[in-house]
K.L.:
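Quick one: structure below, then a few questions.
Read the numbers this way: they start at 1 and go in the same order the structure lists the ligands and their atoms.
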Amino acid sequence: VNDEIKISLSDGSFVRLDDCMADDLSVVNAARISFKRISEDLTESDIGLINFLMKNRHGTPFEHSSFRFHVRAPIFVAREWFRHRAGWSYNEYSARYSKMEAEWFTPSPENIRTQIGKPGSYTFTRMPTHTSLESARIINQSNKNSYENYERLVEMGVAKELARTVLPVGMFTEFYATCNARSLMHFCTLRAAEEAQKEIRELAKAIEKIFSEIMPYTYNSYCNNGRQAP
Ligand SMILES: Cc1cc2nc3c(=O)[nH]c(=O)nc-3n(C[C@H](O)[C@H](O)[C@H](O)COP(=O)(O)OP(=O)(O)OC[C@H]3O[C@@H](n4cnc5c(N)ncnc54)[C@H](O)[C@@H]3O)c2cc1C
């Protein structure tokens with residue numbers, strides 16, 4: 001169990017590696033089963049094989065390494081994350097069975113941005129300080145008002161599954177997400193990219209950092225081959 005591997009963001013999100021069964025050696029051994037050969041230690045030739053597999057998009061040997069993450073993120077980030085289906089498994093906090101906590105995402109004023117351009121090619125820039133401060137205040141107040149209505153409904157005896165419908169997508173949720181190294185790379189390709197929304201991008205970068213430490217040669221090969229999952 002890798003309790004110590006946890007990356008927290010200033011907005012209250014985090015990624016914690018709950019456990020993993022992952023290393024570079026398992027990639028080459030999965031590939032070499034074709035010839036009934038096993039490596040005990042990673043050699044230069046094994047590193048070359050990882051590069052060959054990545055470059056030629058032989059992806060299945062990367063599926064034998066798996067990572068289980070415990071994630072805390074706002075619901076709008078979780079919704080984006082859960083769109084990743086292939087090779088991922090999820091379980092999430094239940095707002096039917098448990099009361100939602102009074103914890104919601106409020107962007108820091110320096111992260112309040114405006115969008116310029118057309119859909120698909122937006123660029124984001126900072127706003128004047130007074131607008132940022134006022135925007136952050138409105139976002140926080142709006143979430144607070146919603147949460148107070150939620151609490152009131154729960155106190156009145158309304159079922160949690162119904163009371164939750166007044167809560168916004170900025171509320172924090174927690175989930176377990178398990179994926180294999182191939183699906184992890186695909187996730188990083190899409191979600192650590194500049195086009196992805198900042199709030200999921202930072203979590204994807206945290207995932208990428210953990211991946212780079214556990215499977216360094218696979219990670220290097222992924223970066224050197226255009227950051228495309230094989
Ligand atoms: C910048 C950005 C903007 C986005 N905007 C929108 C948006 O406006 N609206 C919206 O709905 N979504 C949007 N998405 C989500 C996007 O459409 C995908 O749902 C998400 O990125 C997951 O990608 P994926 O399907 O490749 O991943 P996975 O579900 O993990 O699938 C991985 C790969 O497996 C294969 N695969 C998986 N399922 C199937 C299948 N059923 N049939 C065939 N092949 C399959 C594909 O090769 C796929 O690339 C956006 C994503 C990004 C990164």
K.L.:
Could you tell me whether Ile38 atom CD1 has more than 12 heavy atoms of other residues or ligands within 6.0 Å of it?
P.N.:
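Check fails, neighbour count at 12 or below.
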K.L.:
Tell me, which protein residue and heavy-atom name are nearest atom 36 (N) of ligand 1, and how many Å apart are they?
P.N.:
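Ranking protein heavy atoms by distance from atom 36 (N) of ligand 1, first comes Arg85 NH2, 4.3 Å.
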K.L.:
Nearest protein heavy atom to atom 20 (C) of ligand 1: under 4.0 Å?
P.N.:
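Yes, at least one protein heavy atom sits under 4.0 Å from atom 20 (C) of ligand 1.
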K.L.:
Does atom 42 (N) of ligand 1 have any protein heavy atom closer than 4.0 Å?
P.N.:
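Flag for atom 42 (N) of ligand 1 set to false, no protein heavy atom closer than 4.0 Å.
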K.L.:
Which residues satisfy the ring pair (Phe, Tyr, Trp, His ring centres under 6.0 Å) test with His186, sequence neighbours excluded?
P.N.:
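None.
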K.L.:
Using a strict cut-off of 4.0 Å, indicate which atoms of ligand 1 neighbour a heavy atom of Glu195.
P.N.:
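This gives 1 (C) as the contact atoms.
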K.L.:
Considering heavy atoms of the protein only, find what lies nearest to atom 23 (O) of ligand 1 and give residue, atom and distance to 0.1 Å.
P.N.:
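Result: Leu190 CD1, 3.6 Å.
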K.L.:
Using the six-membered ring wherever Trp is involved, compare the ring planes of Tyr219 and Tyr222 and label them parallel, tilted or perpendicular (cut-offs 30° and 60°).
P.N.:
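Rings of Tyr219 and Tyr222: tilted, 30 to 60°.
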K.L.:
Glu80: heavy atom below 4.0 Å from ligand 1, yes or no?
P.N.:
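Judged by the 4.0 Å heavy-atom criterion, Glu80 does not count as contacting ligand 1.
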K.L.:
Hydrogens and angles aside, do Glu92 and Thr173 bring a side-chain donor and acceptor to less than 3.5 Å of each other?
P.N.:
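A donor-acceptor contact under 3.5 Å links the two side chains.
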K.L.:
Going by distance alone, is a donor N or O of one side chain under 3.5 Å from an acceptor N or O of the other, for Thr178 and Ser89?
P.N.:
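The answer is no; no qualifying pair exists.
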K.L.:
Do the charged groups of Glu134 and Arg137 touch, with an N to O distance under 4.0 Å?
P.N.:
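Between Arg137 and Glu134 there is a salt bridge, with a charged N closer than 4.0 Å to a carboxylate O.
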K.L.:
Here's a test for you: under ring pair (Phe, Tyr, Trp, His ring centres under 6.0 Å), which of Trp88, Trp81, Phe69 qualifies with Phe175?
P.N.:
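Among the candidates, only Trp81 passes.
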K.L.:
Check whether any protein heavy atom sits under 4.0 Å from atom 45 (C) of ligand 1.
P.N.:
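Within 4.0 Å of atom 45 (C) of ligand 1, no protein heavy atoms are found.
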K.L.:
Of the protein's non-hydrogen atoms, which lies at the shortest distance from atom 53 (C) of ligand 1, and what is that distance?
P.N.:
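Residue, atom and distance for the closest contact: Arg191 NH1, 3.5 Å.
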K.L.:
Got a donor-acceptor contact below 3.5 angstrom from the Ser26 side chain to the Asp23 backbone?
P.N.:
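Yes, the answer is positive, given that a donor and an acceptor are paired below the 3.5 Å cut-off.
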K.L.:
Pick from Glu202, Glu194, Glu195: which one makes a salt bridge (charged side-chain N to carboxylate O under 4.0 Å, His left out) with Lys198?
P.N.:
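Considering Glu202, Glu194, Glu195, a salt bridge (charged side-chain N to carboxylate O under 4.0 Å, His left out) with Lys198 is found only for Glu202.
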K.L.:
Return yes or no for this condition: an N or O of Trp88 is under 3.5 Å from an N or O of ligand 1.
P.N.:
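By distance alone, the answer is no.
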K.L.:
Please say whether His186 places an N or O atom under 3.5 Å from an N or O atom belonging to ligand 1.
P.N.:
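Yes, there is a polar N/O contact under 3.5 Å.
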K.L.:
Give yes if a backbone or side-chain nitrogen or oxygen of Ala86 is under 3.5 Å from a nitrogen or oxygen of ligand 1, and no if not.
P.N.:
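In this structure, Ala86 places an N or O atom under 3.5 Å from an N or O of ligand 1.
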K.L.:
Is atom 16 (C) of ligand 1 less than 4.0 angstrom from some protein heavy atom?
P.N.:
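Answer no: nothing from the protein, no heavy atom, is under 4.0 Å.
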K.L.:
Flag atom 9 (N) of ligand 1 as yes if some protein heavy-atom distance to it falls below 4.0 Å, otherwise no.
P.N.:
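Looking at atom 9 (N) of ligand 1, one finds that no protein heavy atom lies closer than 4.0 Å.
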K.L.:
Can you confirm whether some protein heavy atom lies under 4.0 Å from atom 5 (N) of ligand 1, or whether none does?
P.N.:
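Protein heavy atom within 4.0 Å of atom 5 (N) of ligand 1: absent.
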K.L.:
Using 30° and 60° as the class boundaries, would you call the ring planes of Phe172 and Phe105 parallel, tilted or perpendicular?
P.N.:
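Correct class here is perpendicular.
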K.L.:
When you measure from atom 11 (O) of ligand 1 to every protein heavy atom, which one gives the shortest distance, and what is it?
P.N.:
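Ranking protein heavy atoms by distance from atom 11 (O) of ligand 1, first comes Arg83 NH1, 2.9 Å.
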